[in-house]
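Only one structure is covered here, and it is reproduced in the block below.
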Amino acid sequence: MTAHLIDEHGLTRTALGEATGLTAGAIRGLCENTAKRYDADTITVLCVYFNCKISDFFELVPKRRNLEED
């Protein structure tokens, strides 16, 4: 979702980092959905910057069960 918000606001990841003080790694992890942990301060900064709610960043997607296990 972060990548969508960046695009929607006509930003680059670099510009977002400069405006918020977030590291390139933190932004990349959220944009590419590779973050293993989500820092509360990072999410807070993004919510304030984009004037949105935490639920705008996350969607719960259940893991797919391996059908061979049944």
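Keep in mind that the numbers below use all heavy atoms, side chains included, and drop hydrogens, waters and symmetry copies.
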Inset, instruction - Would you sort out whether Leu46 and Leu5 count as a side chain to side chain contact (heavy atoms under 4.5 Å, CB included), showing the intermediate values? - result: CA-CA 10 Å; Leu46 291 171; Leu5 287 169; over 6 Å; no

For residues 16-23, tabulate all N or O donor-acceptor pairs below 3.5 Å that involve a side-chain atom, not counting sequence neighbours.
| residue | atom | partner | partner atom | Å |
| --- | --- | --- | --- | --- |
| Thr20 | OG1 | Leu16 | O | 2.7 |
| Thr20 | OG1 | Leu22 | N | 3.3 |
| Thr23 | OG1 | Ala26 | N | 3.1 |

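Legend: residues meeting ring pair (Phe, Tyr, Trp, His ring centres under 6.0 Å) with Tyr49, ordered by chain and number and at least two apart, are absent. Listed by chain and number, the residues in a side-chain contact (heavy atoms from CB on, under 4.5 Å) with Lys36 amount to none (sequence neighbours excluded). The side chain to side chain donor-acceptor pair (under 3.5 Å) search around Asp7 returns none, not counting sequence neighbours. Listed by chain and residue number, Glu32 satisfy the side chain to side chain donor-acceptor pair (under 3.5 Å) test with Arg13 (two or more places apart in sequence, or in another chain).
Listed by first then second residue, pairs satisfying ring-ring contact (aromatic ring centres under 6.0 Å, His included) with a partner in residues 19-46 read Tyr38-Phe58, not counting sequence neighbours.
Scanning both residues, Ala35 and Leu30, for their nearest heavy atoms gives CB-N, 4.5 Å.
Under the 4.5 Å side-chain criterion, counting only non-hydrogen atoms from C-beta, Thr42 is not in contact with Phe57.
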